[in-house]
There are 4 protein chains.
Amino acid sequence: MENKREVHASVKDERLVEKRRDQMIRGAVSLFKQKGFHRTTTREIAKAAGFSIGTLYEYIRTKEDVLYLVCDSIYEQVRLELEELDTDEGTVDGLKVGIAHYFQVMDRMQDEVLVMYQEAKSLSKDALPYVLRKELEMVAMVEKLIVRCVETGELELDEHQIHMLAQNVFVQGQMWGFRRWALQKRYSLQEYIDLQVELLFSGITGFEKQRRTGGVV
Amino acid sequence: MENKREVHASVKDERLVEKRRDQMIRGAVSLFKQKGFHRTTTREIAKAAGFSIGTLYEYIRTKEDVLYLVCDSIYEQVRLELEELDTDEGTVDGLKVGIAHYFQVMDRMQDEVLVMYQEAKSLSKDALPYVLRKELEMVAMVEKLIVRCVETGELELDEHQIHMLAQNVFVQGQMWGFRRWALQKRYSLQEYIDLQVELLFSGITGFEKQRRTGGVV
Amino acid sequence: MENKREVHASVKDERLVEKRRDQMIRGAVSLFKQKGFHRTTTREIAKAAGFSIGTLYEYIRTKEDVLYLVCDSIYEQVRLELEELDTDEGTVDGLKVGIAHYFQVMDRMQDEVLVMYQEAKSLSKDALPYVLRKELEMVAMVEKLIVRCVETGELELDEHQIHMLAQNVFVQGQMWGFRRWALQKRYSLQEYIDLQVELLFSGITGFEKQRRTGGVV
Amino acid sequence: MENKREVHASVKDERLVEKRRDQMIRGAVSLFKQKGFHRTTTREIAKAAGFSIGTLYEYIRTKEDVLYLVCDSIYEQVRLELEELDTDEGTVDGLKVGIAHYFQVMDRMQDEVLVMYQEAKSLSKDALPYVLRKELEMVAMVEKLIVRCVETGELELDEHQIHMLAQNVFVQGQMWGFRRWALQKRYSLQEYIDLQVELLFSGITGFEKQRRTGGVV
DNA sequence: CATGAATGAGGCTTCATTCAT
DNA sequence: GATGAATGAAGCCTCATTCAT
């Protein structure tokens, strides 16, 4: 099972390809943030990356390749950050810490995540599946945290509830960035985390118990 | 305070303007669904609307006007649908019914909502505020339902919790459409509603209590 | 059996399409003469045609369409000119007159014919057959002249000889233009015609007889 | 009088230059056959030749140099093959054998000849004369065969007839390749040779006589 | 001598917008 | 009011050529 769609580069030197693509992605993300994929020209991307349009096309085949590489790279970054979150506890407090950590990652990368979700639809039918798979992987990481708590008996949830909760948490992380205009002028990140975890957990372990437990994270 | 950004039309006959814009919006939505705003040409819009490119420009000034009109129209439709949801009960069961209704609306209009959110970012700085205001209005409608339950004493939530819950519910409604590739192959709409309401309310009134209460909607 | 490959035009008005394509072809032929198809830019074609690049693309879809239209048009012109040659005599003298006429046409249109043969190879696999069919039609017109002489008994030739002669005559007509650098500085057109007809007919009716017959055309 | 246009090479080692150019020409001919000069890139040429683009440019100055070298090389090959044809007989049968031989050479090299004639027009004003001169040399070789027959009294032709005949024969040789789509599905090479020689000679020595003489080659 | 990464001019094509009819 | 032909700026991409290693 292929796990990556390879983007063709004319240049052979693998190390150089990596380096140039890095420059490219960095430049592109910053541009896509400002103007979106469609309003950004290939020349602007090349310039932002620090090389000529000709050189850009030594490392990609079409403009869409840039978008794919950007999406791929962002997912990878997020995934790497989230891997740290993978502490094998299986306690409710561990889960809370995990969620808080995830929200923090999504805060730090909100621009990138925004870009990715706004533009991913412009990926061709060819590239979309690879991106969606990454997405699922990430939800699965959240899900695993919950599953452990169920396995250790700390939480009592059926399969559907677990999955739905994972999706909700995942979306709430993105929501912090997507709806920043509504949320971030009202709450600090910490407030947002506390509030969401509270609402979430008062649902899982019971609101009363939650209330007694006090502070969340 | 302006509540609408007027889109200029050369044609004077108001009735005609409305009719033509209706044709235009209908065509544009269908096109934007398929290919997005940027990949849709003005000629295609005119054709889908059933008149010539020249005529199209009698009713708008720029392509972006079409997008604005589309977004505006979709919001209006959603808002109208949601207004029915405004039954003045203030009971938890009424709230549940309200949420279920909202999810059903979002299911029915998922294409339109998808279009709006994917493309709204392409609105100029000029038009964006009008769209965001509509958005807030809608969240407020959900919020009102919750507030009533608090006022009647059926729920005990502070202001922040109320607001956050409203946002969560609102986002979960959109989520059904946005993440259809992940959700809709796993759950039917009714299952989704039940699951979300359950998770939500077991958080609000306590999971144990919820469990005893039984079926959700 | 399709007899033409239609070139798509966005413009509806048939008369206008014809007019614009005429301008286009005229300009393109003149440019192709000078620099060949590949070295001619679409902008140059538009300019030579007397309209903008945008307008050019209202009447064609790709640059290759121009080449196809040019080839098609030249063939058509040649074919029309040759149709006059179709006098139903069936005499050797009539054949000679016909050949002479053909050579004169090829002299008049040598630039166009040159262009066509030099560039036709750049036509896509899609368009080539249409051009080759035209070519065969033209050879057939020459062949018919010979066939008649055989039918009336003025010449005694078998099928293969007839066909080969037709091809030879056809090629000798083109040769006058293709090898102008070698031929036209040595012979006038009339000399060329006389010489070729003489060589040709001394082969058909016998050289001695030819000699007695005297002047050719 | 210069007989060659020198193509500049940075590399000094003459033997190496020759070797590399040989590789280059071989690769280029094969590519030009498939896609023509303009559609072939220098990178492709380098790759087909078996070295890098950088190396390619050590042996030429511009892409056009490749074309010149290719044309030059093909002519040289053809000329060498034709030189064998130069048997000093001066008989009609010798002439027939010579013509047959020439047609066979043109059959064997039809791809190369096709390439050369299709692309030679892309040579700069600078290089063209050298190619045309080669062309004339070759016609002269055919002409010489005829001249000898006239000198020995086997044929009775004036200067113009001789020259024209030589051109005709020369062109008929090329025609076999150029019009292969029309000729080669109808005749075998041998049939083509027989037919052409028959038509040619029945014109020169009289058709009746030819008929009695029987087989041609 | 050989390599191949870098360059950027320039080619083809699209499409939002205008305006004469 | 409606039409659709005309416009040209601007976008994507290619490829001949150079030059540092």
Side-chain angles (χ1 to χ4, degrees), chain A residues 9-13 16-17 19-20 38-46 50-66, chain B residues 9-13 16-17 20 38-47 50-66, chain C residues 9-13 16-17 19-20 38-46 50-66, chain D residues 9-13 16-17 20 38-47 50-66:
Chain A
S10 302
V11 172
K12 296 292 161 62
D13 183 340
L16 191 54
V17 170
K19 180 180 153 198
R20 292 281 181 256
H38 281 104
R39 294 200 206 280
T40 301
T41 70
T42 51
R43 273 176 154 82
E44 287 170 325
I45 295 170
F51 37 68
S52 71
I53 182 68
T55 300
L56 179 68
Y57 275 88
E58 293 283 313
Y59 297 94
I60 54 164
R61 267 231 249 270
T62 69
K63 189 186 174 191
E64 208 214 276
D65 282 347
V66 179
Chain B
S10 304
V11 174
K12 297 295 167 218
D13 182 342
L16 190 54
V17 170
R20 291 279 183 256
H38 280 104
R39 294 200 206 281
T40 301
T41 69
T42 51
R43 275 154 137 105
E44 286 170 324
I45 295 170
K47 191 172 181 186
F51 38 68
S52 73
I53 182 69
T55 301
L56 180 69
Y57 274 85
E58 294 287 320
Y59 297 93
I60 55 162
R61 268 234 248 269
T62 72
K63 188 186 176 190
E64 208 214 275
D65 283 347
V66 179
Chain C
S10 302
V11 172
K12 296 292 161 62
D13 183 342
L16 191 54
V17 170
K19 180 181 153 198
R20 291 282 181 257
H38 280 105
R39 293 200 207 280
T40 301
T41 70
T42 51
R43 273 175 155 81
E44 286 170 325
I45 295 170
F51 37 68
S52 71
I53 183 67
T55 300
L56 179 68
Y57 275 88
E58 292 283 314
Y59 296 93
I60 55 162
R61 267 231 248 270
T62 70
K63 189 186 176 192
E64 208 215 276
D65 282 347
V66 179
Chain D
S10 305
V11 174
K12 299 295 168 217
D13 181 342
L16 190 54
V17 170
R20 291 280 184 255
H38 280 104
R39 293 199 206 281
T40 301
T41 69
T42 51
R43 275 152 137 106
E44 286 171 323
I45 295 169
K47 190 172 181 187
F51 39 67
S52 72
I53 182 68
T55 301
L56 180 69
Y57 274 85
E58 294 287 319
Y59 296 94
I60 55 163
R61 267 233 248 270
T62 72
K63 188 186 174 190
E64 208 214 274
D65 282 348
V66 179

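These numbers were taken from a predicted model, which means no experiment stands behind them. We name chains A, B, ... by the order of the sequence lines, and we start the count at 1 in each one. When reading the values below, keep in mind they use all heavy atoms of this one structure, side chains included, and skip hydrogens, waters and symmetry mates.
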Measure across [X] and [Y] and return the closest heavy-atom pair with its distance rounded to 0.1 Å.
X	Y	answer
C:Lys63	C:His38	NZ-O, 3.8 Å
A:Thr62	A:Ile60	O-CD1, 3.5 Å
C:Arg20	C:Phe51	CD-CE2, 3.4 Å
A:Val11	A:Leu16	CG1-CD2, 4.1 Å
B:Leu56	B:Thr42	CD2-O, 3.5 Å

Once you apply a heavy-atom cut-off of 4.0 Å, does B:Arg20 come out as touching a base, just sugar-phosphate, or nothing?
sugar-phosphate
Please classify the nucleic acid contact of D:Ser10 as base, sugar-phosphate, or nothing, using heavy-atom distances under 4.0 Å.
nothing
Self-check item: Close side-chain approach of D:Asp65 and D:Tyr59, heavy atoms under 4.5 Å
Solution: no
Stems in DNA chain F, runs of 3 or more consecutive Watson-Crick or G-U wobble pairs with both distances under 3.5 Å, sorted by first number, are E:2-21 with F:2-21
Figure out the [atom1]/[atom2] separation between [X] and [N], and round it to whole Å.
X	N	atom1	atom2	value
D:Lys47	E:dT3	NZ	P	14 Å
B:Arg39	E:dA16	CZ	C1'	17 Å
C:Phe51	E:dT13	CZ	C1'	16 Å
B:Leu56	F:dT3	CG	P	11 Å
A:Lys12	E:dA2	NZ	P	18 Å

For E:dT7 and A:Thr55 - does any side-chain N or O of the residue sit under 4.0 Å from the phosphate oxygens OP1/OP2? yes
Check your understanding: Would you say a side-chain N or O of C:Tyr59 is under 4.0 Å from OP1 or OP2 of F:dA6?
Key -> yes
Considering only heavy side-chain atoms of B:Leu16, the closest of F:dG1, E:dC1, F:dT3 is F:dG1
B/S/- along nucleotides 16-21 of chain F (protein heavy atoms under 4.0 Å) is BBB---
Sequence neighbours excluded, the answer for side chain to side chain contact (heavy atoms under 4.5 Å, CB included) partners of D:Thr41 is D:Arg43, D:Glu44
The answer to which of D:Ser52 and A:Gly50 contacts DNA chain E further toward the 5' end, by nearest nucleotide, is D:Ser52
